[in-house]
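Only one structure is covered here, and it is reproduced in the block below.
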Amino acid sequence: MIRPRLKVIKFHPMAGYPDCLPLLAWQMVLIQAADSTRSIDPVLAAARGSDLFFHQIIYNSGRISLLFLRHIQLSYNLLAIHWLGPKSIACLDTKEVLHLSDVRTNRELEVIDLSNVGLMYNSAQFKGLATGGNVSPALALAGAAACYNTVVSQGNQLYLLGGKSLHGISARAWSDRISYLTSMQRWDEAIELAIEGYRAAAGRHRRLVSSKDRILRMYEEYLSVTKKTPELCLEAIVGCLIEIQEKQLLWEELYDRLPTTEHYLQIIAKHIECDHLDAVAPSVAQVMCEYFWKKGETTRLENLILKLNWQCLDLHQVLTICRKERLYRAQMYLNTKALGDYTVSLTDLIPQIKLETDDLHLGNCVLVYISSCLAGRGYPTGEIAPETIPTVKHEVLRCLTVIHSNKAPEDELPYPYLRRLLQFDTRETLNVISLAFQEKEFNGELGLSQRQRIINILLEILTPEHATWSQIGALLNFIAQQIASRELPENELLLEKVVAYLTAPTDVPLSRREHFEREQTWLELLCSNCLDHMPTEQLLDIARQNRCYHVAEHLLERLGRYEEIFDCYLLDEFRRMQIFSYISQHASDTRRQIYQLVVQNLCQLVDINCEQAVRVLVDGFMRYLSHFLQLLEQAAVPERLFRFLEALLKQSVQLETTDLEQYLELLCQYRPEEVIEFLKSNDSYRLDNAVRTIKRYELNAPLIYLYEKQGDYQSAYAVAVETLKDAPESSAEMCALQVSALCTRASSVLTESDREQLWFSLLHIVLARSDLTTVTKNILHSASEFVDLSKLVQLVLTSSGSTSTGNFGDIKHLLIGMLSNSAYETLLLQTTSRILGNDLHAMLARERKIAMRGLAVKSIKCIVCRARLYNTERQPIVVMGDCGHAMHQQCAANFCTVPVETPNGTDGNGGAAQSVETGTGKASVMKRLKCPRCDAVVVEECSIRTPECYVESGPYANDSSTDKGPSTLKLSAPPRVG
C-alpha cells in the first residue's frame, strides 16, 4: 500500500481570536514575473481574522516551494474565502456580508448582504456527534463561526446553505457588471470599469473590438438616460471616449445638447494640456478660444494653441487675439505652421522689441525662434520638413541681414533687424549666430565666405558711434573664438582689430563676466598660436597693464618664470581665493619658491581668507608655524594675529603656552563673552598669568572660574559678591543663583566655620534686597545642607530685609518651603534606597542561584594526566565549570594555573606573586585556571579555589580559606559520565 509522506515546505504562523478560524482557498492564476515571463501556477489564499495572505506555489526541478506574494489587511473579520475565477475572490465576513474584490488591485467590486439567507454554522464535526456530543469549550466556540461545508465554490459560482434553502451566487462578467452598474445609475463606476476592461484587452484585436463595441453601447445608454442631466459624469465619459479613440463623438450630440459649455470646455482644455487631444472640431475650437480670451486666461490660451493642430483653428480669430494680447509664441507658431512664412514673424515682431524696459519676453522668444529656424527645428517643438530646411535657413538669414526694411524711414540705419537684436542682447545674439555657424551650410568654401560676410556686417553694426564698449568687446571675443577655432578664413586685418581690442586699456571698468571673456579670448588665441608674431615679453607687459593676470600666468609658465606666478594670484581680484589651491599644489616645488613668497606675503594671505591660509600653512609648512606667528606679531596688527590664532585652534593645532596666553589676551580684547568658554576648553595656560590678564580687563565671570580652579574660593566668592552687589534688577536673580552655586561647590572643601561665614554673608545680602525674594527660598534651601538650621532660622528672623517685625508669620512661607523640600528629599532618598536594595537583592539571588547550580562531569579521566579521576590516592578533583572537563587538583596546580597580574605585587617574571605563608596567616593572590581542552578560564583567589570535588580527607579539607570560596561538591565515587 502506498502511503503519502507528509513534508513541511513552509510554515506561516497566523495568530487570531479563538472564534476566528483559519481559512484556505486556491486557484490556478496566470502570473507575470518581473522579466515579463508568464506562468500558470496555483495561488493559495490563506486568511484568519482580518489578515489575508497570498502565496504562489512553484514547482521547479522536482522541488516545490512557496513564494509570498502579498498581504492584505481587511477592515472586517472573515468567515469564509473562495476564489470566483482567477481575478476575483469572495470574502464573507462575520456580519454575513459578502465582499467581491479584485485580486490584482485589491479594489472592492461589489458588496452583498446575506443576512436573509440564514446561513448554517456548526457542522457535525464541530458538534461532536460521532462522540456523543462531547466537545471541548474551544471547539464549541470555534464551531459557532464555522461554515466550511455550508459555503462552497465551483468555478465562478458560490453556493450557500441556508436553514430552509440553497442559494447560488455567480460572479458577473465584465459586460454584465457594466450593465448592472448602469442600471443602478452608478455611471462613474461603470465608466471606470469599462476603461479598465478596454485597457486589459490591449494586444488582442478581437477582444479589443468587442470591448469597444460594448463601451459604445454603454455610451448610447448614457445619452438616452442623461438627456435631462447632460452634465452628469461628463468628465468621465469624455475621458472614456478619448481612451477608445472615438474623439469625433465628443463634438456631436454630447456637445450639442449642453445648455452651457463652460464645464465642457474646461474638460477639453485639460485633455489638450495633457496631450490627450491635438485636434478639436473647428466650432468647438472657436468657442474655446473666445471663452478663454474673455475670461482673461491668455497664457493658458496660448499654451492650448501651441498644442493644437492649426487646421482646427479659426486663423483670423486666433491671430487677432495673438496680436491684441501679445501672444508672441502662438503668433510665430501659426505663421510658420499655417502660413508657411518664416520671415513675417521677424519683420513684425523685431521692431516691437523695446530696449528701454525690463520686458525681455519678446526678445527672448525671437532669439529662440531664430535659433530653432537656423538649426532646422520647428518652433516651439517638432521638426521642419527636411526638403524645406535649406529654404527656411536661407530666408531667415536673408531677413536678418537685409540692409533696409520695408517702408523704411530715411534715417534708418543699415541692417535694422540684426541691429535691434544686438542692441537688445549682444551676447545672446552672438551665441545664436555661433550655434548657426555649426550647421553644415556654413562649412566649405561658400560657407566660410558666408561667415566672413556676417562677421563684416557685425563689425559694421557695432561701431564705437553706435555701440558701447561692452558690446564691442563681446563681438571681438566672438570673433577671436572663431579665429582660434580656425572657423574663419585667415584675415590679418580682422586679427589686428581683435589684438588691438585686447591690448587697449579700458576706460570703463569691466564686469566680472566681461573680464573673464576677455581673458578667455587671450588664452584661446595664445593656445592656437595666433599671436606668435608678437614678442612674449610684450604680451606679458600688456596683460599686466590690462590686469589680465590669468593670461600673465600662462605667459610666465611659457617663459619658465615660476616665481612670478604667485603675484598673479595676489593681484587678480577675481582669482585671489585660488591662490591657496596653488600653494597646496606646488608647496614642494623649489622652482616656484612657495615658502619664501608665503613669508613675504603672509599678512596679505591672512587678510584674503584666514581659514584657508591656516589650512594650507598647517598642511605644507607646519614646522615653520612659530616663525609665522612671529611675523604676524611683528606686523603690529593685533586683530590679524587674533584671527590667525583662532583659525589655528579651529584646526585643532596644539599651540605653545605663550601663544595660548597671547590668544587669551586678544580674546579678552575682541570677544570677552567667549573667554570663559575658552578657559573651560583649554588647560595649557598658566593660571597665574591668566588671572593677571583677566584682572587687567576686569572680566568677573572668567576671574571667578580661575579662582575656583586654583582652589581659592574666598577670592572667587569676593569677586562674585561684588558682581552681585553691582548687578541690576534684571540680572540680579541669575547672579544670586550663580553665587549660591559657587558656595555649594566651596562647601565641600572649606571648614565648617568658613562655610558658615560664606553662606551667612551671602544670605545677609540676599535677605536685604527686595528684588531677590523669588530666589530666597532656593538659596535658603541650599544653605540648609551646610549650616546649622537653628542659626539659619535665627538669621532669617533677625534680618531686617526679610521681616519688619521679627514675627514667625513673616518668614512662615520660607520655612514651610524649606521643610517641604526637606521632606520631599527624605522621601526621595528612602524610595531610592528601597529600589536599590530590591535590585541588589535580585542580583544577589540570581548570582547565588547560578553559584548553587550543579556541574556535570563528562569524563571519568583527568584531561591532563589521563588517569582515573577517582583512584586509590583519593586526590581532590577540580571541575572546570560549564564545559564539564575535570582534572586532579595537583594536575591543575602544576599545568593549568596561570597567574593573574594584581596591583598588590608581581613576581620576578612579571607574573603574580605566589602565596606566602607567614606566622600571622596566609596571604593569597588571584590566579587563573585555564582548561587545556577548551580554553575555558576561571579566575579565583587560589588555583584550587575553583568549583572543585574532593573527599573529606583531602589535604584542603580543613583549610579555613575555603569558607570564602564557592560551594563544593563532595564525591565518594567516580563522577557519572554524562
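On a predicted model such as this, the values are computed, not experimentally measured, just so you know.
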### Closest non-hydrogen atom pair, Ser584 against Arg615
OG-NH1, 4.1 Å
### Query
Do Asn456 and Gln452 get their side chains close enough for a donor-acceptor pair, meaning under 3.5 Å?
yes
### Message
If we ignore hydrogens and angles and just use 3.5 Å, is the side chain of Arg420 paired with the main-chain N or O of Ile353 as donor and acceptor?
### Response
yes
#### Entry: Over 12 non-hydrogen atoms of neighbours within 6.0 angstrom of CD in Glu729
no
### Message
Can you classify the ring geometry of Tyr369 versus Tyr379 as parallel (below 30°), tilted (30 to 60°) or perpendicular (above 60°)?
### Response
perpendicular
### Query
Taking the side chain as C-beta and beyond, is there a heavy-atom pair between Arg513 and His515 under 4.5 Å?
no
### Query
Thinking salt bridges, do Arg686 and Asp688 make one under a 4.0 Å N-O criterion?
no
### Task
Report yes if some heavy atom in the side chain of Leu699 is under 4.5 Å from a heavy atom in the side chain of Cys668; otherwise report no.
yes
## Note on the structure
The side-chain hydrogen bond (donor to acceptor under 3.5 Å, both in side chains) partner of Asp589 among Arg592, Gln585, Gln593 is Arg592
### Query
Has Met577 got more than 12 heavy atoms of other residues, nucleotides or ligands less than 6.0 Å from its CE?
yes
### Query
Can the ring centroids of Phe628 and Phe644 be said to lie less than 6.0 angstrom from one another?
no
### Query
Is the shortest side-chain N to carboxylate O distance from Arg451 to Glu439 below 4.0 Å?
no
### Message
Filter on salt bridge (charged side-chain N to carboxylate O under 4.0 Å, His left out), then keep only pairs touching residues 667-678, sequence neighbours left out; what's left?
### Response
Glu646-Arg671, Arg671-Glu674
### Query
Any salt bridge between Arg575 and Glu519, counting N to O under 4.0 Å?
no
### Query
Any idea how Phe678 and Tyr663 line up, ring-wise: parallel (<30°), tilted (30 to 60°), or perpendicular (>60°)?
perpendicular
### Message
One pair to check against side chain to side chain contact (heavy atoms under 4.5 Å, CB included): Leu422 and Leu458. What are the steps and the verdict?
### Response
CA-CA 9 Å; Leu422 289 169; Leu458 293 174; 3.7 Å; yes
### Query
Going through the checks in order, is the side chain to side chain contact (heavy atoms under 4.5 Å, CB included) test met by Leu367 and Phe424?
CA-CA 10 Å; Leu367 288 176; Phe424 168 71; 4.1 Å; yes
### Query
Given the rule in the side chain to side chain contact (heavy atoms under 4.5 Å, CB included) test, do Arg329 and Val368 qualify, once you have shown the distances and angles that lead to the verdict?
CA-CA 10 Å; Arg329 293 190 301 150; Val368 173; over 6 Å; no
### Task
Would you check if there is a donor-acceptor pair between the side chains of Thr658 and Glu656 at a distance under 3.5 Å?
no
### Message
When you measure from the side chain of Ser740 to the backbone of Ala736, do you find a donor-acceptor pair of N or O atoms at a distance under 3.5 Å?
### Response
no
### Summary
Residue set satisfying salt bridge (Lys or Arg N to Asp or Glu O under 4.0 Å) with Glu665, at least two apart, ordered chain then number -> Arg696
### Query
Tell me, which pairs form a ring pair (Phe, Tyr, Trp, His ring centres under 6.0 Å) where one or both residues lie in residues 576-620, sequence neighbours left out?
Tyr569-Tyr582, Tyr582-His586, Tyr595-Phe621, Tyr595-Tyr624
